[in-house]
Amino acid sequence: MDHQNAVGRSLLRPDGLAKVTGTALYLDDLTEGFCFHGVTVRSPHASALIASIDSSSVSDPEVKVLTAKDVGPRNSIHLIQDDWPILADRQVNHVGEPVALVVAPTLARAQSAARAVKVAYDVLRPVLSLDEALVGDPRTNGGLNVLSECKIAHGNIYQGFAQADVIVDGEYSTGHQEHAYIEPHGVIATPTLDAASAFKGVDIVGSLQCPYYVHKALTYLFGLGDEAIRVRQSVTGGGFGGKEDYPDMIAAHAALLARACGKQVKILYERQEDIIATTKRHPSRVRHKTGVKRDGTLVAMDIDVLLDGGAYVTLSPVVLSRCVLHSAGAYACPNVRIRGRVLATNTAPNGAFRGFGAPQSLFAVERQMDKIARTLGLDPFAVRRRNAYREGDTTPTGQVLKESVSAVTVLERAKEATRFTERHAQNEKARQSRKDDGKALAGIGLSLFWHGSGFTGNGERRLMSKGAVRLRPDLKIEVLTSSTDFGQGTEGIFRQIVADACGVTIDDVVVHIPDTAEVPDSGPTVASRTVMVVGGLLSRAGAKLAQTLCSFAARHDGLAPAAVALRGGFFETERGQTPFRTMAKKYLIVHGPLVAEAQFEPTPGSTFDEATYRGDAYAAYGWGANVVEVEVDPDTFITSVVNLTTVSDVGHVVHPVMCAGQVEGGTLQALAWGYLEEIKMKDGRYLNDRLQTYLIPTMADTPDMQTILIENPTTHGPFGAKGVGELPMDGGAPALLQAIENATGISLARIPATPERILQAGRAGQ
Amino acid sequence: MNESYKFILNGRPTEVTGPPMARLLDVLRRDLGLTGSKEGCGEGECGACTVLLNNEAVCSCLVPLFQVDGASITTIEGLSPGDTLSDLQRVFAAEGGAQCGACTPGMIVTIRALLDRHPKPTRDQMREYVSGTLCRCTGYERIFRAVEVLTGQREAEGVPGAPVDGTSRG
Amino acid sequence: MSVAYSPNTLAEAREALARGAVKVAGATDLLVIDHASFRQHAAVLNVLAIGELRGIHVDDTGLNIGASSTFTQIRQSEDVVREAPLLIAAAATIGAAQIQNRATLGGNIANASPAGDSLPALLVLDAQIVLFGPRGRRTVRHDTFHIGYRKTALDADELIERVIIPRPGPTLQFFRKVGTRAAQAISKVVVGFSGNRSGPGLRNVRLAMGSIAPVPTRLVEVEAMIEGEPLSPALADRVCALVEKTISPIDDVRSTADYRRHVAGQVVRRMLLDFLEEPKA
């Protein structure tokens, strides 16, 4: 039978046609005209006591105004720690913090009423930077406000430094980054009422990544059972982590308003509100002290990581965890000490953003490798090649890398594809004999990085995610999972995986929308876990379903179970073929509904100790190398990225076009974080809270891209696949800064590398 | 004062009553139910609301209703009349031009206008003409490639003739 | 609720102007502010409908550009390409296609942003602005039109009818916008320059900058230093230093005073060095 697998082919994404014709329905495309509208009253201050809230001048009789006292006893988002208020009670801790909610039959009336709510504040001195946070925080009576802390120790750092020929110090900083998904946040809450019109639950539909997070937050808020809350995802216009935790907040707001007015309530953020209120990438400062041998061999790494968590804990402990676990980079070193802390400041909580802490620490270690290379007179490739992880190496947590290690491979491929070493040396030489002719300065830079797939440490063991497939009466196999598609192509990829796992064609498989009333909890759609972890569950569930059907077919034909196989949409036996649908129909008539479920199974012998940070931090790692080519204008220091080459080991490529799309889109975000995107602040207020002032790359800013995908399979993912979502965020910024250094001789330790910073650093270096 | 305005919308004579300074985007989405054009920023920066006004790409969030009286407007809905897909749309979907899809309608309308001016555009022509429509997902590479496939400058990578009815989202 | 006027002629626009109607051209700034601030206007006037504000041609007065010409129309005009390449270069940097298709030259002038990209170009081309109002027409020199931060010589009941650029235009024209990204960015510094070659130096020198002061500004002291002086690397350095000394930019959300000063000097310096390198350009 000539049958092609679905996995590995660039099949049309199932939502593709709806998206290109404009018929895909996003949140704001639903319900207009018959729902009520919610508006949020926000703090204009970074730190203040709320003296009073006066809504007496709201005259509209159909308007309802809610404040903290209306929330009930559980006024917090139920996440890691329950410290994130749904509405600020006594005190506000960041600009844009929700203070009151207003609902009205029309948006205009809600907005007008919101303007009439008067809040009086006693303003306090805010803490707005890591430097100020290190001095102490008024909220803790001047003590350090540490939201989370962790340590890793491996080998003996003192012995390591004693063996070193050279010790190199460095300090590296990164700033806030805004997700800038094109569709802003939005949620619709529909109350369910009992016969006496009393509130008994709520249905949520929203632009979101993690339906079960919202479900958990709302069952906690209202103290209701699981069935009282139903959460569905609408077509979601981008997330990048930005729709991981914040939908909990908007859904809570909309649900509270729906309870208050008994009507369906929609909350939709406009761009400015979205930027002001929602999470950003954590700013970071990482210090490195590295002991090296003259030949570049690492012998000791001492790393101190600080993250700016913003006002509340939210997801910061897990961001910190991933940050420190990646902070020694893709390099073997026998003696490593890492300390990480998240400090509180008076800005909106910083949260999940593609890479989840790893891009910050990888930026630092990659720039530190450049500094080591410069100090020792080595080229950036050589120092990386020497120390890159090989199979059998041990990470700082004591994890032995047993399989699917591609650090050297991706590095070599990147070098070959770009003639890196030669061109880097040429540019260095050209710089020495530079003329004052105004010509753009050419630079090339390289980075190497790794990214753990799936939840950190015991995260997956704690989640114990489930995925299922079901045979529908229309003989379609339906994928049941809470993993969401917000652009990555999840739906299509799940169809491919399940089609091949079952042995049916892609047409036989459909995907149910994420809906907590219908699908099992497959965990959140984060952490580069969708293909490897959830795809793995679905692959197993699909195989189970196929096995059940094959057993049925065998009994039907009087054969041994092993004599029947389902392949390419046919049950195959020695005697011939039966179409999948024929036999599946018989099964449903005889046995009724068929559902097969799979649950996460921890790898035997794999452990992680969260107290000591020892053990297997991730089941598998993706590996990447980037080469960035720039031109820098010698007069204006404006950097143009002219070429980008990425090499990524993703284990197995499920869909080449979408996989490349993840790499390309993620890497452009990484480059932009490196030189363009910056949140500027005054008194805790973001000055650039619009897309006119917070600038993301246009097509004109975008280089041509060469995208090389490598397949070094893992045993932990379906067909060998590892995660690809976050890996591309990790290496763009450091490679870019190396390229700027190669072009100008100016070495920056802080991003974004704006022309203003290059000018300043160039002067300081003169 | 609400007044009545007449224009040709996707080839059909249309009449709308509304305030003169109503944003065309709101008129399209709220009054006419054409939700294909998206609002991403409300200030002409993202291009998600791009429509053709007398065959020129404009941000519909920046066009007041009273200025379209007598004009001809084409939205994303007008580029696939009667559910027939244009080649541009087909290639865009197959070659990875769309990820989250929020920029996609505006992107396709912008590229339609580009192709009217440059039937076989170079990347630099695309960079210049399309830079007013932002995409945060793709890094633009697959958008370049989709246009290059469409205009015969590159081989297709997507598998042709693939099925399309795989989501219960419909 | 607004009363809307869409007159086809200036004569018909008199009533709207007399009522103080808000003039609406490409609306690329106006509608953003209206929407964000919930602002409503009592009366609005669609200047795009007025015939006299349209079209680009060359006549006795010079290059004559209707105020409602969009930047796309300006870029496509062979007359502008020939007479005022500097304005073409400026128009190309204003927003992206969607904005250039709507935004008008008159709107850019009336909007009076310190960062208005066309304004330094108009300044160095000695543009004249023809205004129309109930008291008839009057012509204002561009360099006296912008009188303070977002303040202009335009009366509330007047509109900008046309812009006239004298001919023959200067043979050397230069424009450079320094923005945050490659397209669609508001400028950090924008530089316009014009002059004619005369022996080893330049005559009729005009240098103007935007985003460095509350209004787009001519740098007359710098012009004087360049005027008639033989071009040389030393002159370029002296001019660069004087530019840095002359301007007083500020720190804002887009850039720093320090960077603006540096880059303004360097752009002018490089321009002079390039003139020196390419005597025929």
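Throughout, a chain's letter reflects where its sequence line sits, starting with A, and its residues are numbered from 1.
Using a 4.5 Å cut-off on side-chain heavy atoms (C-beta onward), A/Gln760 and C/Tyr259 make no contact. Contact check for C/Asp258 versus A/Glu756: no side-chain heavy atoms found under the 4.5 Å cut-off.
Of the atoms belonging to A/Leu695, heavy atoms from both backbone and side chain fall under 4.5 Å from chain C. The part of C/Val32 that comes within reach of chain A is its side chain, from C-beta onward, which places non-hydrogen atoms under 4.5 angstrom from that chain. For chain C, the nearby part of A/Glu270 is the side chain; its heavy atoms alone come within less than 4.5 Å. With a threshold of 4.5 angstrom between heavy atoms, C/Arg176 approaches chain A through side-chain atoms but not through N, CA, C or O.
Panel note: side chain A/Asp701, backbone C/Ala182; a donor-acceptor pair is recorded below 3.5 Å.
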Validation: residues 88-97 of chain C side-chain donor-acceptor distances under 3.5 Å, sequence neighbours left out:
| residue | atom | partner | partner atom | Å |
| --- | --- | --- | --- | --- |
| C/Thr93 | OG1 | C/Ala90 | O | 2.8 |

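Rounding to the nearest 0.5 angstrom, the gap separating the OG1 atom in C/Thr180 from the OH atom in A/Tyr675 is 10.5 Å.
Residue-level contacts of residues 110-121 of chain C with chain A do not occur; threshold 4.5 Å between heavy atoms.
Options A/Leu687, A/Asn688, A/Asp437, A/Thr754 differ in how many heavy-atom pairs under 4.5 Å they form with chain C, and the most are formed by A/Asp437. For chain C, the option among A/Gln111, A/Gln692, A/Gln272 with the highest count of heavy-atom pairs below 4.5 Å is A/Gln111.
Between C/Val263 and A/Asp635, the shortest heavy-atom distance links the atoms CG2-O, 4.0 Å. Nearest heavy atoms, C/Arg181 versus A/Leu676: CB-CD1, 4.0 Å.
Residue pairs meeting the salt bridge (Lys or Arg N to Asp or Glu O under 4.0 Å) criterion with at least one member in residues 683-692 of chain A, sequence neighbours excluded, are A/Arg690-B/Glu43.
Electrostatic pairing of A/Lys682 and C/Asp252 does not count as a salt bridge here, judged by no charged N lying under 4.0 Å from a carboxylate O. Between C/Arg269 and A/Asp436 there is a salt bridge, since at least one side-chain N of the basic residue sits less than 4.0 Å from a carboxylate O of the acidic one. Between C/Asp251 and A/Lys680 there is no salt bridge, since no side-chain nitrogen of the basic residue lies less than 4.0 Å from a carboxylate oxygen of the acidic one.
With no hydrogens or angles considered, no side-chain donor-acceptor pair links A/Thr636 and C/Gln266 at under 3.5 Å.
Other residues, nucleotides and ligands contribute more than 12 heavy atoms inside 6.0 Å of the CZ atom of A/Arg431.
Take C/Asp29 and apply the salt bridge (Lys or Arg N to Asp or Glu O under 4.0 Å) test, not counting sequence neighbours, and it matches no residue.
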